[in-house]
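What follows is a short report on a single structure.
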Amino acid sequence: MAEPLRISWPRLRDRLDTLGAVGATGDGGCARLALTDADREGRDLVVSWMRDLGLRVDVDRIGNVTGTWPADSTEPPVLTGSHIDTVRTGGIYDGNLGVLAGLEAVETIIASGVPLRRPVAVAFFTNEEGSRFAPDMFGSLVFVGGLALEEALDTVGVDGAVVGDELERIGYVGSLPVPGRPPAAFVELHIEQGPVLEAEGVDIGAVTGVQGISWQEVTVTGQSNHAGTTPMAHRHDPAFVAGSVAVFVRDLAGRMGPPQVATVGRIELHPNLVNVVPARATFTVDLRNTSEAALQEAEAELAAHLDALAEAEGVTVERRSLARFAPVAFDPAMVDRVERVATGHGRSVRRMPSGAGHDAQMLARVCPTAMVFTPSVDGISHNPAELTHDRDLEAGANVLLDVLLELVTADSVP
Ligand code: GLV
Ligand code: MN
Ligand code: MN
């Protein structure tokens with residue numbers, strides 16, 4: 001029997017480290033916020049690898065980049081990939097693994113000479129993280145037609161920058177129209193970013209879907225005043241409201257129980273001085289649940305709490321939705337395929353939902369989609385300490401390779 005096709009682990013490890021050095025924060029982590037100079041440098045590097053491989057590199061109007069083989073193909077490809085932007089204090093695997101393992105799988109398929117029934121392609125999508133420009137999964141959302149290009153280009157970031165200007169500045173305004181043409185199928189490899197696989201000693205996650213995500217930005221306006229002279233009963237204090245909401249959502253998630261999670265991730269006070277009751281607080285709330293009904297319940301409870309607080313404290317509250325995505329279920333036949341391939345590799349497999357958002361949840365709107373998870377050490381991610389052991393990265397990349405191989409050689413997809 002012929003040896004099964006396998007990726008080159010040293011080549012993938014080397015590319016992970018080389019890309020990880022772009023925007024390195026000196027503590028093992030990476031800062032490549034979307035559309036910054038560091039993002040451009042990372043993009044240029046991955047594009048150079050795509051070109052070295054002879055892929056046709058296409059860039060669309062929102063800066064999503066796809067490398068396709070064969071370069072002259074016109075049929076919808078089997079697509080893999082993820083993102084290479086990171087949060088400001090990110091690790092080197094989140095997103096990057098999916099792109100570079102995808103590239104590695106494509107390189108392995110090309111080198112094998114196996115006859116393809118359809119093209120194969122690897123992509124990285126613009127601004128998956130959403131930390132600079134909301135919402136998250138921004139580029140893939142535009143790709144599938146969930147966000148109009150004009151609106152996307154006009155989006156203002158937390159630093160006041162505008163997406164359209166930044167895309168132009170870094171040279172990634174492409175010519176391919178959006179929404180893009182749906183691929184034949186999409187498969188994304190990603191680190192789990194949570195503790196489940198490691199805790200259970202399982203090698204591979206066959207991802208069944210992605211939980212619902214609700215992001216809001218809340219701006220509370222009160223009355224700025226002297227910290228020493230203003231009696232407590234006379235205060236209209238936005239910092240108190242921000243703190244109270246952080247405590248409230250923690251309690252709310254506790255009351256609702258898993259899988260409800262709740263996070264206040266950003267708080268800004270103005271004028272942010274030790275001896276001034278703030279005039280304004282701006283903060284974000286991230287709520288997630290695998291059940292849409294439960295997520296709506298959490299949103300309603302938060303809204304009621306904010307209304308009551310505003311009344312009691314004598315402040316005004318404005319809310320702005322930054323992201324709202326319902327839970328997504330992946331194509332059952334695709335999930336089965338991931339599970340079967342991983343089992344065939346001798347790996348233990350667990351079906352599981354994803355806690356993090358992913359480009360795959362957007363692609364699932366337009367084509368059969370699946371994801372492969374690898375374990376995360378201590379379940380740590382969005383942190384420079386993010387780590388997945390080499391053996392798990394290699395195992396995940398080989399599962400991705402065989403899932404892609406099946407899809408590019410099968411009579412029909414999925
Ligand atoms: C993206 O990484 C998200 O889940 O926030
Ligand atoms: Mn990611
Ligand atoms: Mn992330």
Side-chain angles (χ1 to χ4, degrees), residues 16 19-20 23 25 29-34 36 38-39 42 46 64 80-102 122-141 157-158 186-194 196 205 207 209-217 259-266 284-290 295 321-328 352-364 369 371-376 379-388 393 396 400:
L16 283 165
L19 181 56
T25 44
C30 234
R32 287 201 308 273
L33 284 173
T36 56
D39 186 21
V46 177
N64 297 318
T80 186
S82 189
H83 61 98
I84 60 165
D85 67 307
T86 73
V87 298
R88 197 192 306 282
T89 51
I92 69 165
Y93 299 104
D94 179 356
N96 301 307
L97 172 65
V99 175
L100 298 182
V122 54
F124 57 86
F125 294 97
T126 295
N127 181 33
E128 188 272 354
E129 293 292 4
S131 333
R132 188 180 183 209
F133 303 101
D136 46 357
M137 287 74 71
F138 192 93
S140 47
L141 183 63
V158 290
F186 182 67
V187 189
E188 180 173 357
L189 172 66
H190 207 285
I191 55 169
E192 180 201 336
Q193 309 182 268
V196 175
V207 185
V210 179
Q211 67 180 343
I213 302 177
S214 165
W215 284 1
Q216 301 180 46
E217 184 183 75
Q260 180 65 50
V261 287
T263 307
V264 172
R266 167 158 68 85
T284 56
V285 184
D286 174 322
L287 301 172
R288 305 194 195 200
N289 201 305
T290 50
L295 187 55
S321 174
L322 298 180
R324 184 62 171 87
F325 302 118
V328 171
M352 60 192 302
S354 170
H358 296 292
D359 295 308
Q361 82 193 79
M362 299 307 161
L363 272 291
T369 293
M371 288 190 75
V372 182
F373 271 177
T374 57
S376 290
I380 292 198
S381 186
H382 284 185
N383 182 324
E386 175 182 277
L387 178 68
T388 295
L393 295 167
L400 175 71

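Counting starts at 1 for both ligands and their atoms, in listed order. Just so it is clear, the structure is predicted and the values come from calculations on it, not from any experiment.
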Point-to-point distance, once rounded to the nearest 0.5 Å, from [atom1] of [X] to [atom2] of [Y]:
X      : Y      : atom1 : atom2 : answer
Leu16  : Leu393 : CG    : CG    : 6.5 Å
Thr388 : Ile380 : OG1   : CD1   : 11.5 Å
Ser354 : Gln193 : OG    : CD    : 7.0 Å
Asn383 : Ser376 : CG    : OG    : 11.0 Å

When you look at Gln260 and Asn289, which way does the side chain to side chain donor-acceptor pair (under 3.5 Å) test go after all the steps? CA-CA 5 Å; Gln260 180 65 50; Asn289 201 305; 2.9 Å; yes
Check: For ligand 1, is His382 a contact, meaning one of its heavy atoms is under 4.0 Å away?
Finding: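 It does, in that a heavy atom of His382 comes within the 4.0 Å cut-off of ligand 1.
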Next on the checklist: Quick check on His358 - does any of its heavy atoms sit under 4.0 Å from an atom of ligand 1?
Outcome noted: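 Contact absent.
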Quiz item: Between the side chains of Thr263 and Asp286, does any donor sit under 3.5 Å from an acceptor?
Solution: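 Distance-only check fails for Thr263 and Asp286.
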Which atoms from ligand 1 have a heavy atom of [X] less than 4.0 Å away?
X      : result
Ala356 : 4 (O)
Asp136 : 3 (C), 5 (O)
Trp215 : 5 (O)

| request: Report yes or no: does His358 have an N/O/S atom closer than 2.8 Å to the Mn ion (ligand 2)? | output: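 So His358 does not count as coordinating the Mn ion (ligand 2).
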Item to complete: Return the option from His190, Arg288, Glu129, Gln211 holding the heavy atom at the smallest distance from atom 5 (O) of ligand 1.
Response: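 Residue with the shortest heavy-atom distance to the ligand atom: Arg288.
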### Query
Taking just the N, O or S atoms of Asp94, which one is nearest to the Mn ion (ligand 3)?
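Closest N, O or S atom of Asp94 to the Mn ion (ligand 3): OD2.
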Of the backbone and side-chain N, O or S atoms of His382, does one lie nearer to the Mn ion (ligand 3) than 2.8 Å?
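It does; at least one qualifying atom falls short of 2.8 Å.
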Q.
For a distance under 2.8 Å, tell me if Glu129 has an N/O/S atom near the Mn ion (ligand 3).
A.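 A backbone or side-chain N, O or S atom of Glu129 is under 2.8 Å from the Mn ion (ligand 3).
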**Q.** Validation row, ring centre Phe138 to ring centre His83 under 6.0 Å
**A.**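 Phe138 vs His83: aromatic centres not under 6.0 Å.
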Which N, O or S atom name in His83 marks its closest approach to the Mn ion (ligand 2)?
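So the atom name we want here is NE2.
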Legend entry - Geometric class of the Phe186/Phe125 ring pair [parallel <30°, tilted 30-60°, perpendicular >60°]: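 Perpendicular.
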